[in-house]
Amino acid sequence: MREGAVLRIGNASGFYGDRFSAVREMLTGGPLDVLTGDYLAELTMLILARDRLKDPSLGYARTFLRQMEECLGLARERDVKVVVNAGGLNPARLADELRELAQRLGVEAAVAHVEGDDLLPRRDELGLPDGLLAANAYLGGFGIAACLAGGADVVVTGRVTDAALVAGPGIARFGWAPDDLDALAGAVVAGHVLECGAQATGGNYAFFREHDVTRPGFPIAELHADGSSVITKHPGTGGVVTLGTVTAQLLYETCGSHYLGPDVTARLDTVRLTADGPDRVRIDGVRGEAPPPTLKVGLNRLGGHHNEVVFVLTGLDIEAKAALVQQQFAEALPVAARPAELRWTLARTDHPDAPDEESASALLRLTARDRDSAKVGRELSKAAVELGLSGYPGFHLTAPPGPGAPYGVFTAVSVDAKAVEHTAALPDGRRISVPAVPAAPLAAQPLDVVHELPEPLPAGPTRRAPLGLLAGARSGDKGGDANLGVWARTEDGWRWLAHALTVEVLRELLPEAAELPVTRHLLPNLRAVNFTITGLLGEGVAARHRFDPQAKALGEWLRSRHLDLPTALLGPPVPPVRSPAAPPEPPTAPPDSPTALPDSPEAQP
């Protein structure tokens with residue numbers, strides 16, 4: 001890669017299905033050294049596994065191949081390296097497809113890939129359970145670094161940690177060794193900020209009304225040799241980079257002070273954020289410790305079949321209508337046909353004296369799950385449909401019941417890092433074995449650091465109001481657990497939040513968590529508390545255990561809940577930022593005059 005004191009790494013994808021045009025936007029928006037893309041998630045691995053079942057040549061993110069068809073030449077013209085995990089379950093095949101694409105386009109591009117994460121062929125040897133569709137270890141950045149050092153212009157990987165896409169280029173540029181723990185930890189933190197794309201530039205941001213985030217650009221990390229970085233974006237692109245947007249992303253899908261990874265354990269409680277100018281936030285002070293001796297392995301399997309029927313309840317007597325349909329359905333469905341799990345959820349979306357029918361209606365959702373597809377299929381649908389003329393007044397469904405569909409289950413286990421054959425397949429055909437990073441014994445891995453609480457605010461008057469007036473939140477999933485990070489925007493706000501938002505209070509505010517294990521971690525440098533709610537999501541997103549199966553909106557639900565807030569912290573409401581004014585309407589054409597039709601939007605993946 002090009003020499004220089006700063007390595008500019010941009011992101012163009014946070015998930016499989018993210019903005020298709022982001023690759024071109026990032027390549028043309030300003031200078032970059034490396035462009036990364038994160039295409040994988042727990043659910044994505046299941047989708048790719050099912051693709052591979054249908055066709056063994058598949059199993060990778062095909063969207064990326066289409067993006068390279070459009071932009072590979074542009075990346076080479078600008079000497080930008082491309083590093084992505086789009087290889088999914090079949091990185092070698094994607095690498096071959098890219099070589100064929102480059103030849104067809106007449107573009108000189110050296111392609112390499114990283115493999116060894118796929119443990120399914122070694123299931124028996126490693127003692128993994130039967131019935132798996134996929135079993136993938138989370139690899140680190142040293143394989144990516146070996147590919148770049150071997151002359152690769154494009155590196156595709158399978159299941160690496162999301163942050164490895166940034167750590168790997170950093171290792172290649174600055175020559176970090178496995179014992180450069182602080183530098184590696186800083187790169188991992190920068191990688192975690194970048195991995196979800198526009199979430200770092202105002203996407204999904206709690207205080208979105210304060211900024212124009214209509215179309216946020218994608219983030220860039222200016223990475224330095226000591227592992228410090230500045231998070232920014234291309235000039236003129238939408239969204240915003242602030243202490244708040246970076247804090248929100250740092251809290252996303254993490255828990256506790258120790259962020260374990262295959263290359264390093266990053267100490268999140270040492271992260272220091274400072275403003276560095278408009279749309280620039282500096283990250284430094286990150287300390288690193290040795291990684292654990294094991295690697296996380298994501299296991300995907302089919303858990304059974306599920307179906308869903310949504311009854312619409314309109315107008316008066318909503319609760320009585322819901323009770324009636326549940327009673328009638330129980331009597332209509334034969335005992336022998338009942339699935340293993342039936343769940344009813346009533347969403348009170350109705351409003352009194354509503355001006356339209358939709359806002360006068362509530363939704364009663366029936367979900368069914370069973371290992372036997374027949375138990376969630378025809379008999380279930382038949383029992384629901386046959387109530388049509390004998391049920392509650394106004395009976396109708398949002399859609400006719402379907403035949404049911406399979407659902408997946410994600411679990412995570414650990415394996416000895418030395419047992420995983422991490423391999424860099426270089427452009428010249430050589431294959432380099434990447435050794436496991438020297439690790440600390442499991443007994444030496446602290447579960448968390450206990451931080452002292454800040455001095456509480458003096459007692460004073462309070463007002464009952466939503467928590468979100470004082471705090472931001474970002475939430476997500478880790479298998480069947482939910483992560484929920486909450487941060488204060490001021491030091492006084494932190495002094496209040498650290499004492500007020502306890503585990504007990506969280507359980508009161510979120511009744512779904514009342515009976516579940518909840519762990520709270522303090523991150524004083526970020527003025528944040530981070531919660532893990534164990535089991536809230538059941539068997540993970542693919543199992544669709546709850547209304548919001550990835551807990552994406554859990555934080556916003558919490559922010560809407562009312563607490564007694566100190567009036568001294570409640571200032572006047574912040575006016576929303578208005579989007580740029582729309583251009584004036586063109587004059588109306590005469591009835592018979594020809595008019596130009598706008599170009600139809602390009603189909604998105």
Side-chain angles (χ1 to χ4, degrees), residues 13 16 35-41 44-69 72 75 81-105 107-123 125-126 128 132-162 164-165 168-169 172 262 295 297-298 300 419-435:
S13 176
Y16 190 10
L35 184 64
T36 67
D38 179 10
Y39 292 79
L40 301 183
T44 312
M45 298 299 280
L46 178 65
I47 293 169
L48 295 179
R50 295 182 65 188
D51 283 351
R52 188 171 62 174
L53 277 178
K54 299 172 186 175
D55 183 345
S57 70
L58 298 179
Y60 57 84
R62 286 173 279 178
T63 297
F64 173 70
L65 199 58
R66 301 208 319 270
Q67 289 172 312
M68 286 297 95
E69 186 168 13
L72 180 59
K81 306 292 185 182
V82 179
V83 179
V84 298
N85 60 14
L89 301 178
N90 204 344
R93 177 60 183 232
L94 178 56
D96 287 341
E97 293 280 359
L98 286 167
R99 293 184 188 101
E100 294 175 10
L101 174 65
Q103 186 175 16
R104 188 166 73 249
L105 296 175
V107 175
E108 291 189 10
V111 181
H113 73 275
V114 176
E115 60 184 38
D117 62 296
D118 187 357
L119 303 185
L120 196 59
R122 302 174 60 199
R123 179 183 59 79
E125 172 194 348
L126 296 172
L128 300 177
L132 297 176
L133 292 180
N136 295 83
Y138 287 68
L139 304 179
F142 281 91
I144 294 170
C147 290
L148 292 170
D153 301 311
V154 182
V155 181
V156 295
T157 77
R159 179 73 275 187
V160 297
T161 64
D162 301 338
L165 301 175
L295 295 183
V297 179
N300 281 282
V420 176
E421 299 168 352
H422 190 174
T423 302
L426 305 188
D428 61 6
R430 287 181 297 147
R431 296 174 62 81
I432 297 178
S433 178
V434 181

What are the two closest heavy atoms between E421 and T423, and how far apart are they?
-> O-OG1, 3.1 Å

Listed by chain and number, what are the side chain to side chain contact (heavy atoms under 4.5 Å, CB included) partners of L132, not counting sequence neighbours?
-> L120, R123, L128, P129, A135, L299, R301

side-chain contact (heavy atoms from CB on, under 4.5 Å) between L119 and V297: does it pass, once the steps are laid out?
-> CA-CA 9 Å; L119 303 185; V297 179; 3.8 Å; yes

Got a second to check how far T44's OG1 is from D51's CG, nearest 0.5 Å?
-> 10.5 Å

Salt bridge (charged side-chain N to carboxylate O under 4.0 Å, His left out) contacts in which one or both residues fall within residues 149-161, not counting sequence neighbours = R76-D153, K81-D153, R159-D162

Rounded to the nearest 0.5 Å, how far apart are OH of Y16 and CD1 of I47?
-> 8.5 Å

For the side chain of T63 and the backbone of A61, is there at least one donor-acceptor N/O pair under 3.5 Å apart?
-> no

Just by modelled atom types, is the D38 backbone N or O under 3.5 Å from a matching donor or acceptor in the S13 side chain?
-> yes

So with a 6.0 Å cut-off around CD of E125, is the heavy-atom count from everything else above 12?
-> yes

For residues R431 and A425, report the shortest heavy-atom separation together with the two atoms involved.
-> NH1-CB, 4.1 Å

Under the salt bridge (charged side-chain N to carboxylate O under 4.0 Å, His left out) rule, what pairs show up with a residue in residues 133-151, not counting sequence neighbours?
-> none

Nearest 0.5 Å please: distance from the CG atom of N90 over to the CG atom of L58.
-> 8.0 Å

Short N-O contact, R62 and E97, less than 4.0 angstrom = no

Do L165 and V160 have side-chain heavy atoms sitting under 4.5 Å apart?
-> yes

N/O donor-acceptor pair under 3.5 Å between R93 side chain and Y60 backbone = no

Report yes if some heavy atom in the side chain of L48 is under 4.5 Å from a heavy atom in the side chain of L40; otherwise report no.
-> yes

Any pair with a residue in residues 136-151 that passes side-chain hydrogen bond (donor to acceptor under 3.5 Å, both in side chains), sequence neighbours left out, goes on the list, sorted by first then second residue, please.
-> D117-N136

Looking only at heavy atoms, the pair that brings A146 and A424 closest together is CB-CB, 3.8 Å

From CA spacing to verdict: side-chain contact (heavy atoms from CB on, under 4.5 Å), L72, V82 = CA-CA 9 Å; L72 180 59; V82 179; 5.8 Å; no

For Y39, enumerate each residue passing the ring-ring contact (aromatic ring centres under 6.0 Å, His included) test, keeping only those at least two apart in sequence or located in another chain.
-> F64

Which heavy-atom pair separates G151 from A110 by the least distance, and what is that distance?
-> O-CB, 3.4 Å

Nearest atoms (heavy-atom pairs only) where V155 meets V114 | CG1-CG2, 4.3 Å

Contacts satisfying salt bridge (charged side-chain N to carboxylate O under 4.0 Å, His left out) that involve residues 52-61 (not counting sequence neighbours) are R52-D118

So do the side chains of P169 and V83 get within less than 4.5 Å of each other, counting heavy atoms only?
-> yes

What are the two closest heavy atoms between A172 and L148, and how far apart are they?
-> CB-CB, 3.9 Å

Could you tell me the separation between the CZ atom of R50 and the CG atom of L89, rounded to the nearest 0.5 Å?
-> 13.5 Å

Backbone N or O of G87 within a donor-acceptor pair of the N85 side chain at under 3.5 Å?
-> no

